[in-house]
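To start, the structure under review is shown below, and the notes come after it.
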Amino acid sequence: ADSVIYFDNLTVEDLGSAGSSSLQGRIMAQKLVDDLVARHPDLVRVGLHLTPPNRTDNMIVACNVASRIGRKSDPEDLKAMQTSKPVVLKEGGNFDITLPLHTASGKVIGAIGLTFKPQSNEQESAAAGRAKKLAAEVEKQIRSEAELFESAG
């Protein structure tokens, strides 16, 4: 109602920045996400969806939006993995594209979600093509699913 709240030593942190990921204890999956976002500033969000060791559910294990890490994968993420086809959604003024995530040898191990602003008059098919190129940048660095959970040092 008519409450007043006072704060002492208030700290504000931007959880949406790539820099908010702790460098100590960071897994390889997070390093791949951070590196991709650093190379492509037009990316709004990047998430890797995998099933962690000793778990049964597929979830976001790495993301440039720290608060999303640990969330269970959505149906469109699972659909991309099961069908090996991109799932293209419009999210506000952005494209939200989920693709199957492969190892460098081509084995499907999860999904990669990419959200980015469209280029001038970019249609869904062109956006899906752009997302595939971005995913390929990550996939060529993945030798195995297990290494994604190893320390990035």
Looking at [X] and [Y], what are the two nearest heavy atoms and their distance?
| X | Y | answer |
| --- | --- | --- |
| P100 | E139 | O-OE2, 3.3 Å |
| E145 | T51 | OE2-O, 3.6 Å |
| G110 | M81 | O-CG, 2.9 Å |
| S73 | H49 | OG-ND1, 2.9 Å |

Interatomic distance, [X] atom [atom1] to [Y] atom [atom2] [nearest 0.5 angstrom]:
| X | Y | atom1 | atom2 | answer |
| --- | --- | --- | --- | --- |
| I27 | E150 | CD1 | CD | 10.5 Å |
| L32 | M28 | CG | CE | 6.0 Å |
| K140 | T103 | NZ | OG1 | 15.0 Å |

How about [X] and [Y]: do any of their side-chain heavy atoms sit closer than 4.5 Å?
| X | Y | result |
| --- | --- | --- |
| F116 | V46 | no |
| T98 | D74 | no |
| N64 | L43 | no |
| E124 | P86 | no |

Practice task
Take N58 and D77, measure what side chain to side chain contact (heavy atoms under 4.5 Å, CB included) needs, and give me the verdict at the end.
Solution key: CA-CA 9 Å; N58 197 276; D77 307 315; 5.6 Å; no

Could you check whether atom [atom1] of [X] has more than 12 heavy atoms from other residues, nucleotides or ligands sitting under 6.0 Å from it?
| X | atom1 | value |
| --- | --- | --- |
| Q123 | CD | no |
| R39 | CZ | yes |
| K90 | NZ | yes |

Applying a strict under-4.5 Å side-chain criterion to I, L, V, M, F, W and Y, I'd like to know whether [X] and [Y] cluster together.
| X | Y | answer |
| --- | --- | --- |
| I142 | I60 | no |
| L134 | V88 | yes |
| V87 | L114 | no |
| I97 | I109 | yes |

Exercise for the section: Apply the side-chain contact (heavy atoms from CB on, under 4.5 Å) test between Q30 and each candidate in L48, L148, V61, I69; give the one that qualifies. Expected result: I69

Exercise for the section: Check whether NZ of the Lys or CZ of the Arg K117 lies under 6.0 Å from the centre of the six-membered ring of F95 and within 45 degrees of that ring's axis. Expected result: no

Practice task
In plain terms, say whether D42 and R130 are close enough for a salt bridge, that is, a side-chain N and a carboxylate O under 4.0 Å apart.
Solution key: yes

